[in-house]
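All figures in this text were calculated on a predicted structure; none of them were measured in a lab. When a ligand or atom number is given, it counts from 1 through the structure's own listing order.
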Amino acid sequence: MKLYNTLSRKLENFKPAGDVVKIYTCGPTVYNFPHIGNYAAYAYWDLLVRCLKANGYKVKRVLNLTDVGHLTSDGDEGEDKLEKGARLSGKTPFEVAEFYSKVYLDNYAKMEFLPADVIARATDYIAEDMEAVDVMTANGFTYETRDGVYYDTSKFPGYADFAQLNLSGLQAGARVGFSSEKRNVSDFAVWKFIQPGEKHAMRWDYLGRPGYPGWHLECATIIHKELGEPIDIHTGGIDHIPVHHTNEIAETYAAWGKQLSRFWLHCDFITIDGQKISKSLGNTYTLEDLEERGFLAMDYKMWLLSGHYQGTRNFTFESLEAAKNRRASWRARIASCYQKPVESDEGNFARVLDAVSNNLNSAEACAIIDNSKLTLNDWRQIDELFGLRLISDTPDVSSDIYDLIHERDAARTAKDFARSDEIRNKLLAHGIALNDSSDGAIWYYNI
Ligand code: AMP
Ligand code: ZN
């Protein structure tokens with residue numbers, strides 16, 4: 001397999017270091033409803049896992065759920081997103097986290113993402129976070145301010161390398177409030193103190209005061225405990241490169257003197273009608289919004305897989321319609337395979353897998369699928385590779401439905417279009433759609 005590695009900034013041949021591919025995915029902050037852009041990364045990393053498995057690798061994948069410590073600014077200023085969610089909804093942050101964790105995991109199942117082997121909640125790793133801060137401090141990488149325990153980035157010579165940061169450029173920024181106590185502008189909190197009078201329901205006693213972990217630390221400690229460094233592949237959105245992933249790498253170096261990951265994969269953002277997804281623009285569609293407009297989660301996944309994970313992608317309802325039609329046409333072809341088996345030993349699935357194995361080029365794989373003769377066995381493997389529920393929704397029809405399909409075929413042949421349309425509508429009411437072809441009507445489930 002070939003993957004584009006953010007670390008080397010080039011396409012590299014991928015092989016795991018051991019028997020099992022160790023993958024970590026930075027998961028969601030569970031404080032509000034996900035919009036469709038939030039599923040993009042997980043769809044691509046799901047494809048990554050499926051592709052590794054199709055290439056014969058065993059995989060251990062850990063996904064975290066951030067339920068504490070992620071501030072509204074992505075840095076060390078602002079309100080904890082969970083606390084904010086709690087304030088706005090009148091619930092406790094623990095209730096908010098539980099509610100949205102369920103929303104995310106339910107929707108991941110709806111998107112047919114393979115479940116992670118470990119789903120790690122940040123709040124389950126607080127003791128490990130404290131231990132990591134102790135070790136980083138013992139190793140001379142931290143200092144205390146009134147605001148918390150800070151990482152001294154000048155102690156890690158490679159700090160700027162991963163994101164190719166221009167640290168001298170950063171120095172020019174203004175320093176206000178607590179940040180005036182920072183030694184370097186790029187320093188970040190590994191542990192935050194809760195100030196007297198500050199409302200922060202999620203709190204743990206450490207260093208004699210109530211506080212909570214800095215956002216990045218959870219990923220470093222979860223990886224350390226659940227997988228062990230270096231892992232094989234770390235994944236996330238490109239927005240994670242300059243701060244979150246840079247800081248995870250720095251923490252792992254300071255605490256355990258290790259490289260965090262051998263490969264790093266980052267996906268780009270989805271725009272909608274050429275614009276950033278944002279509440280103020282009114283374009284934060286959820287999966288449920290798509291459903292209301294007649295599109296299934298699987299249609300959206302088909303849309304995601306019709307493009308590439310690198311590079312911004314623009315979502316429009318026209319392109320979603322095209323993805324829906326593509327999936328429907330694939331299902332229609334599968335349906336016709338059941339009726340008239342396609343004999344072929346052209347190795348077309350191997351070509352599909354080769355395309356995906358080349359830096360997850362699912363767009364090229366889709367084009368191969370569109371233009372190749374495929375057997376039912378090819379389709380089964382494609383369904384396993386893409387997780388698009390192509391076949392599981394295509395069971396045999398009952399004999400009543402089968403008779404109706406043939407009755408309609410006969411009506412069409414006899415040019416009795418009124419009767420033919422009447423039967424088509426009757427079938428639609430049963431969730432069966434028809435594609436007319438030179439071989440007669442091909443049916444598929446129109447769900
Ligand atoms: P947020 O909860 O908005 O911080 O989003 C969580 C993660 O989802 C971000 O760190 C991104 O990696 C990803 N994400 C957010 N918006 C988009 C988008 N429009 N397209 C792709 N990924 C996104
Ligand atoms: Zn992370």
Side-chain angles (χ1 to χ4, degrees), residues 6 23-45 61-75 78-82 84-85 96-97 100-101 103-104 107-108 111 116 119-122 125 129 162 188 190 213-224 226-227 229 231 233-252 260-261 264-281 283-287 300-301 303-304 307-316:
T6 307
I23 303 185
Y24 184 82
T25 297
C26 286
T29 305
V30 284
Y31 73 110
N32 64 5
F33 285 104
H35 59 65
I36 56 172
N38 294 128
Y39 296 99
Y42 307 108
Y44 299 127
W45 313 144
R61 178 164 178 240
V62 178
L63 169 83
N64 74 311
L65 299 176
T66 298
D67 56 2
V68 67
H70 189 173
L71 305 189
T72 46
S73 72
D74 264 17
E79 197 175 0
D80 186 315
K81 289 185 175 184
L82 267 296
K84 183 176 174 187
V96 170
Y100 289 108
S101 297
V103 169
Y104 266 96
N107 284 345
Y108 286 176
M111 287 291 281
I119 294 175
R121 289 175 169 77
Y125 294 81
D129 291 341
F162 182 65
F188 60 93
V190 293
W215 172 35
H216 326 291
L217 189 57
E218 67 187 75
C219 294
T221 52
I222 290 168
I223 288 173
H224 185 65
E226 303 295 350
L227 292 167
E229 311 84 359
I231 59 169
I233 308 176
H234 194 310
T235 65
I238 50 165
D239 54 318
H240 289 148
I241 298 173
V243 180
H244 184 52
H245 288 167
T246 288
N247 292 349
E248 283 182 31
I249 289 169
E251 289 169 333
T252 301
L260 180 53
S261 181
W264 289 80
L265 263 61
H266 291 97
C267 68
D268 213 322
F269 271 57
I270 306 294
T271 57
I272 295 191
D273 295 325
Q275 292 180 301
K276 186 174 178 280
I277 302 181
S278 91
K279 281 214 171 84
S280 58
L281 294 171
N283 64 0
T284 51
Y285 300 119
T286 62
L287 282 186
Y300 180 55
K301 191 173 184 185
W303 182 84
L304 288 166
H308 195 249
Y309 75 98
Q310 289 178 305
T312 314
R313 294 196 56 207
N314 189 40
F315 174 89
T316 61

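- Between F33 and Y100, the two ring planes are perpendicular [angle over 60°; tilted spans 30° to 60°].
- At distances below 3.5 Å, at least one donor-acceptor pair connects side-chain atoms of N64 with backbone N or O atoms of G27.
- With rounding to the nearest 0.5 Å, the separation of CZ in F162 from CH2 in W264 is 5.0 Å.
- At a threshold of 2.8 Å, the Zn ion (ligand 2) has no backbone or side-chain N, O or S atom of H216 nearer than that distance.
- Not a single heavy atom of H244 sits less than 4.0 Å from an atom of ligand 1.
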> When you look at E248 and H234, which way does the side chain to side chain contact (heavy atoms under 4.5 Å, CB included) test go after all the steps?
Replying inline: CA-CA 11 Å; E248 283 182 31; H234 194 310; 2.6 Å; yes

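- Looking only at N/O/S atoms, E248 comes nearest to the Zn ion (ligand 2) through OE2.
- In summary, no N, O or S atom of E218 is located under 2.8 Å from the Zn ion (ligand 2).
- Near K81, the atoms of ligand 1 lying under 4.0 angstrom from a non-hydrogen atom of the residue are 4 (O).
- Under 2.8 Å from the Zn ion (ligand 2) lies an N/O/S atom of C26, whether from backbone or side chain.
- At under 3.5 Å, a nitrogen or oxygen of N38, whether backbone or side chain, sits near a nitrogen or oxygen of ligand 1.
- For the residues A43, C26, C267, G37, the heavy atom positioned nearest atom 21 (C) of ligand 1 is part of G37.
- Only the side chain of H35 comes within 4.0 Å of ligand 1, judged by heavy-atom distances.
- Ring geometry for W215 versus H244: interplanar angle under 30°, hence parallel rather than tilted (30 to 60°).
- Counting heavy atoms closer than 4.0 Å to ligand 1, residue Q275 contributes nothing at all.
- Between Y39 and Y300, the ring-plane angle classifies as perpendicular under the 30° and 60° cut-offs.
- Geometrically, ligand 1 and F269 share no nitrogen or oxygen pair separated by less than 3.5 Å.
- For the pair H240 and ligand 1, the shortest N or O to N or O distance falls below 3.5 Å.
- At under 3.5 Å, not a single nitrogen or oxygen of H70, backbone or side chain, sits near a nitrogen or oxygen of ligand 1.
- For the pair T29 and ligand 1, no heavy-atom separation below 4.0 Å is found.
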